[in-house]
**Q** 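Sending over a structure as structure tokens; questions will come in a sec.
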Amino acid sequence: MDMNGEVEDNSRRVQVRFVTKLKPPLKVPPTSIAIPSNLTRLGLSTIVNNLLQAGDPDWKAEPFDFLIDGELVRMSLEKFLLAKGISAEKILEIEYIKAVAPRKEEEPSFHDDWVSAVDGSNPGFIVTGCYDGLARLWKAAGVCTHILEGHSDGVASVGVINPEGAESIVATASKDRTLRLWKLDGEEPVNNPIKIRAFKILRGHRGSVQSVAAQTSGDMICSGSWDCTINLWRTKDNTDGDLSIKKRKVNDHADESQLEGEAVSTLVGHTQCVSSVVWPQHETVYSASWDHSVRRWDVETSKDLSDIFCGKVLGCVDVGGEGSALIAAGGTSAPVFQFSSHASWVSACKWHNKSWFHLVSASYDGKVMLWDLRTAWPLAVIESHEDKVLCADWWRGDSVVSGGADSKLCISSGISAL
Amino acid sequence: MVEAHGIRHTRRAASQTSAIQETLCSVASSRSTPEPGAPFEVTEDANGNPRYIYKDIDPVYDSDDSDAPNPGNTIGDIPLSFYDSYPHIGYDINGRKIMRPAKGAALDALLDSIEVPKGWTGLTDPATGKPLQLTEEELDVLKRLTRNEAPEDGYDPYPDMVEYFSGKLEQMPLSAAPEPKRRFIPSKHEAKRVMKIVKAIREGRIQPYRPPEDIEDEDFDVKRYDIWHDETPRADHVMNIPAPKLPPPGYEESYHPPPEYIPDEAELKAWLEQDEEDRERDFLPRDHGALRKTPGYERFVKDRFERSLDLYLAPRVRRSKLNIDPESLLPKLPSPEELRPFPSHVDAILRGHQGRVRSLAFHPRGEYIASGGDDGTVRVWYTPSGYQLWQARISDQDPVSAVQWRPGTDALVLSCAAGENVFLIAPKLPIFSPFSTLDDQVDPITASRDLLNAGWQARSSSPTPNASNGLTGATTKEATATWARPPLKLQAQGVLIQLTLKTAVKVISWHRRGDYFATVSPAGQSNSVAIHTLSKHMTQLPFRRLKGLAQSCQFHPTRPIFFVATQRMIRSYDLSRQELLKTLQPGARWISSFDVHPGGDNLIVGSYDKRLLWMDLDLSTRPYKTLRYHPRAIRAVRFHHGGYPLFADASDDGSLQIFHGKVVGDLMENASIVPLKVLRGHKVEGGLGVLDVDWHPQEPWCASAGADGTVRVWIP
């Protein structure tokens with residue numbers, strides 16, 4: 001190939017063939033070519049872009065990432081082969097994927113206080129929880145559609161319940177020791193965001209509620225609290241008779257009708273604040289706690305099935321990826337893989353809901369980082385916040401939303417993780 | 001050739017004679033008309049007089065003598081420079097001026113430089129003043145001369161010798177004469193001369209050597225003596241050590257040592273890096289190739305000097321050499337990596353205070369940090385994120401000098417001191433963890449308010465407090481302290497009790513049960529230490545008179561013992577028996593703060609004279625360890641009270657130091673103290689750095705209050 005002419009001849013060369021799972025406009029001819037072995041990711045990306053341009057003159061250059069034997073290339077090819085003990089004699093198959101990096105930074109959406117929680121599991125909107133006691137719904141960057149009003153103290157966590165075929169319910173957990181459920185009516189706001197009130201208040205925690213997560217079917221939610229317990233709650237009010245329905249005077253609104261719910265069951269076992277809960281499967285709840293443990297709970301029997309201990313306070317947990325791998329973070333630790341690049345407390349971590357490999361993490365050092373399991377270095381560092389980042393999540397599969405102590409919700413879009 | 005020579009001679013002679021004849025003839029002849037052949041012509045000059053114009057002299061220098069110079073210039077040996085100021089450079093044989101040849105314009109010079117004529121040398125012939133041109137042969141000769149070669153081609157300076165006379169016995173000798181007799185008999189003449197010398201030696205006229213002259217003795221300024229002049233050989237004895245013998249030189253001292261003795265680069269580097277005293281030998285073997293290439297020995301004087309030192313001292317001093325590895329002298333300390341977790345970097349920086357942050361305290365469950373600063377505010381922060389949950393301005397002019405939470409998790413009571421006032425606060429905070437003794441329905445804040453307000457009824461029911469409660473029987477006077485309700489504005493914020501003392505309070509220390517707290521106001525003389533009962537709203541002064549200025553005080557974590565630190569001493573009192581237990585003398589000049597180990601048997605003391613002292617109460621009244629690691633005063637020291645063997649100090653140099661301090665239950669073993677980490681980050685402002693430090697009650701996290709107005713939370 002003529003493009004190798006410009007590289008000096010004294011460097012060693014390796015025979016490679018570029019393969020990909022990407023769609024045809026991104027495919028290069030499967031011939032093997034000799035490239036200098038001192039190329040890094042950038043050099044490989046240039047070669048692939050050149051090859052693509054050769055086939056399609058109006059091709060716009062795009063960054064690619066490269067995988068050899070399922071591991072991302074993060075050094076020069078020569079060093080990589082040496083480190084992995086791969087022979088440079090035979091033809092090397094290099095798989096390329098689109099580089100995972102944010103391409104666009106949306107306008108930040110401003111809040112009145114620190115943004116403590118964010119949820120992007122519904123592609124239609126983002127829910128944020130704020131220290132001023134309000135939760136907000138955002139349709140896009142800077143477009144607030146609904147304000148969920150009612151908590152008497154800061155919102156610590158938000159979760160969206162997305163049952164199939166039914167309208168979405170938002171659950172919020174607050175430092176005022178309650179959880180509230182909010183129904184979203186379909187109406188669109190004209191100018192100002194619509195203020196809505198909770199249709200159900202869940203009382204029962206004796207400490208501030210730190211985390212909330214919904215069952216996949218949407219029937220139940222679980223919440224972790226500073227009182228060291230995890231409570232399970234029903235979202236459907238008419239399924240069981242034991243739920244008390246009462247009229248209640250709230251802030252002099254005599255006609256406001258709110259349901260009150262009680263916990264279905266309580267999972268007791270943690271000895272410190274339950275900082276994070278997830279409910280990935282029908283029967284299993286995972287929880288991370290300040291007592292340095294991650295526990296797996298069986299919902300039916302309310303027993304913990306396994307404990308994983310590590311030496312540090314755990315701040316967040318998520319389950320996902322291949323074979324439901326677990327990730328927990330806090331301080332700077334994770335049990336399966338240990339990623340350490342953040343300079344401070346890791347406040348949030350989330351799996352990509354489709355990809356097996358991609359994670360996002362947020363830290364008090366003001367950075368949001370994208371990770372790939374196939375390499376030990378962060379893929380991208382988003383530094384859109386000026387202060388601590390308190391929460392982060394994926395949204396619509398290609399964006400990262402994050403909220404921080406600078407009272408901003410930042411949306412970084414254009415991430416092609418798949 | 002000889003014939004031609006002769007011909008030329010005769011011809012010259014002939015022409016000379018004819019020229020002389022011509023001259024003579026011309027002189028003799030009249031001036032009317034010269035005869036034909038005369039060497040001059042006669043013409044008429046301007047005055048009509050005859051004028052002789054001589055013909056050019058033909059010097060007839062057609063000699064074959066090539067050595068004779070061609071006399072172009074007739075000025076002889078006069079240097080040419082005499083004519084420098086004239087346009088001419090001399091005279092020719094006819095007496096005409098030889099004009100200085102034109103030097104040529106710049107263009108000519110340039111042309112000359114471009115087209116160098118053959119044989120051009122760039123020199124000027126001094127005789128003619130013309131450029132000196134040399135032929136190639138001449139140049140060649142000159143070149144050979146400069147190279148010290150024979151100027152001729154083919155000259156052999158070393159021709160083969162013809163051996164006419166040699167030791168070889170010729171087959172056909174040049175002379176057949178037999179060897180002369182003189183070759184075989186000794187020379188009488190020589191014998192005579194030798195005898196003459198022998199005789200002279202015998203008679204002493206010739207001396208075999210010159211007697212040394214004592215020239216140096218003439219220098220009387222310098223006194224010389226032989227230090228060994230009275231040295232007598234001594235008997236072989238242990239205490240009589242002879243001068244050490246120099247070891248014989250080895251290969252490595254050779255000027256041309258074998259290659260294996262020459263150090264390679266690694267050895268060379270090791271040798272250079274070694275301390276001069278630790279070197280095995282004090283020189284490096286070097287290869288000079290040949291003895292004549294050996295340079296002077298640069299260490300000669302030093303070597304001699306050291307040898308002399310050896311000779312003076314070695315016989316007299318028996319050196320006992322200590323072969324101890326310095327590493328083995330160091331105490332075996334575990335590496336800090338093995339002692340994790342400990343705080344190593346900053347997690348959150350809590351900003352909000354204007355001016356210095358004087359004091360801070362972790363809530364007993366760890367969710368909140370309370371801090372008080374120079375701006376007169378008390379602020380409460382949420383621990384992991386650093387969110388400010390609550391604040392109140394309790395004083396407008398006095399800085400908040402101390403902040404403490406009431407121990408126990410049943411209520412949420414904050415105490416703080418500003419000036420002479422101590423405030424007890426039940427702040428309205430979002431409740432994180434549940435309070436164990438409370439029912440679900442009771443608001444913990446209400447419980448805290450009830451706890452604080454209970455004392456009002458207690459005091460009204462028993463207006464005269466029981467005097468026997470006092471440690472030394474001191475009665476509580478009304479004037480000692482007044483318990484009152486603060487202004488309404490503060491009450492609305494949760495500040496429920498204002499306790500006013502006589503002098504400014506610097507330290508608040510709570511008893512573990514949460515009913516008693518002690519305050520220290522260093523300026524107060526007899527009432528510097530006061531113990532307050534929360535449930536009865538009562539104040540007692542335990543000491544009538546205290547030696548020294550009280551600095552700090554603390555309750556023993558488990559037993560009824562009360563520690564009071566004055567400037568130089570720490571005294572412990574038994575509260576139940578009301579007597580002095582121990583007087584500790586840390587040796588510090590001014591104690592700033594101290595803390596009691598949760599086990600109760602150890603103390604750490606920080607002092608303004610930069611020292612951190614570890615006191616073991618069972619061991620001695622003096623410090624067990626003195627740690628001087630700070631360049632500035634130490635402001636605060638604190639043990640971790642939640643199970644981690646850690647303690648920290650805060651200093652005016654803007655840094656905190658974290659130590660591992662493990663107390664072993666075994667009495668035989670002393671506490672092990674390992675410095676772990678220096679935490680830097682606070683800026684030094686106005687000579688003050690970090691003013692307070694506190695530990696999270698469970699986790700290995702600590703928080704520090706800085707003079708730069710920030711509170712920093714440090715985590716592993």
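Remember, predicted model here, so these are calculated numbers, not experimental data. Each chain gets a letter, A, B and so on, in the order its sequence line appears, and its residues count up from 1.
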**Q** Flag the one option from A:Gln210, A:Lys388, A:Gln272 with the top tally of heavy-atom pairs under 4.5 Å to chain B.
**A**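 Between A:Gln210, A:Lys388, A:Gln272, the count favours A:Lys388.
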**Q** Could you tell me which portion of A:His292 (side chain, backbone, both or neither) has an atom closer than 4.5 angstrom to a non-hydrogen atom of chain B?
**A**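 It is the side chain, since no backbone atom gets that close.
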**Q** If we define contacts as heavy-atom pairs under 4.5 Å, which of A:Asp176, A:Leu390, A:Asp387, A:Asp113 has the most with chain B?
**A**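 Of the candidates given, the most pairs with chain B belong to A:Asp113.
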**Q** With no hydrogens and no angle check, is any side-chain donor or acceptor of A:Ser116 less than 3.5 Å from a backbone partner on A:Gly129?
**A**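 Between the backbone of A:Gly129 and the side chain of A:Ser116 there is a qualifying donor-acceptor contact (under 3.5 Å).
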**Q** Under 3.5 Å, is there a donor-acceptor pair linking the side chains of A:Trp297 and A:Ser302?
**A**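 Their side chains do not contain a donor-acceptor pair, so the 3.5 Å distance test is not met.
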**Q** Can you tell me if B:Glu367 and A:Trp226 form a side-chain donor-acceptor pair at under 3.5 Å?
**A**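 There is no such pair (donor and acceptor under 3.5 Å, judged by atom type) between the side chains of B:Glu367 and A:Trp226.
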**Q** Checking B:Ser415 side chain against B:Gln404 main chain: does a donor-acceptor pair fall under 3.5 Å?
**A**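 Indeed, once roles are kept as given, a pair shorter than 3.5 Å links the two residues.
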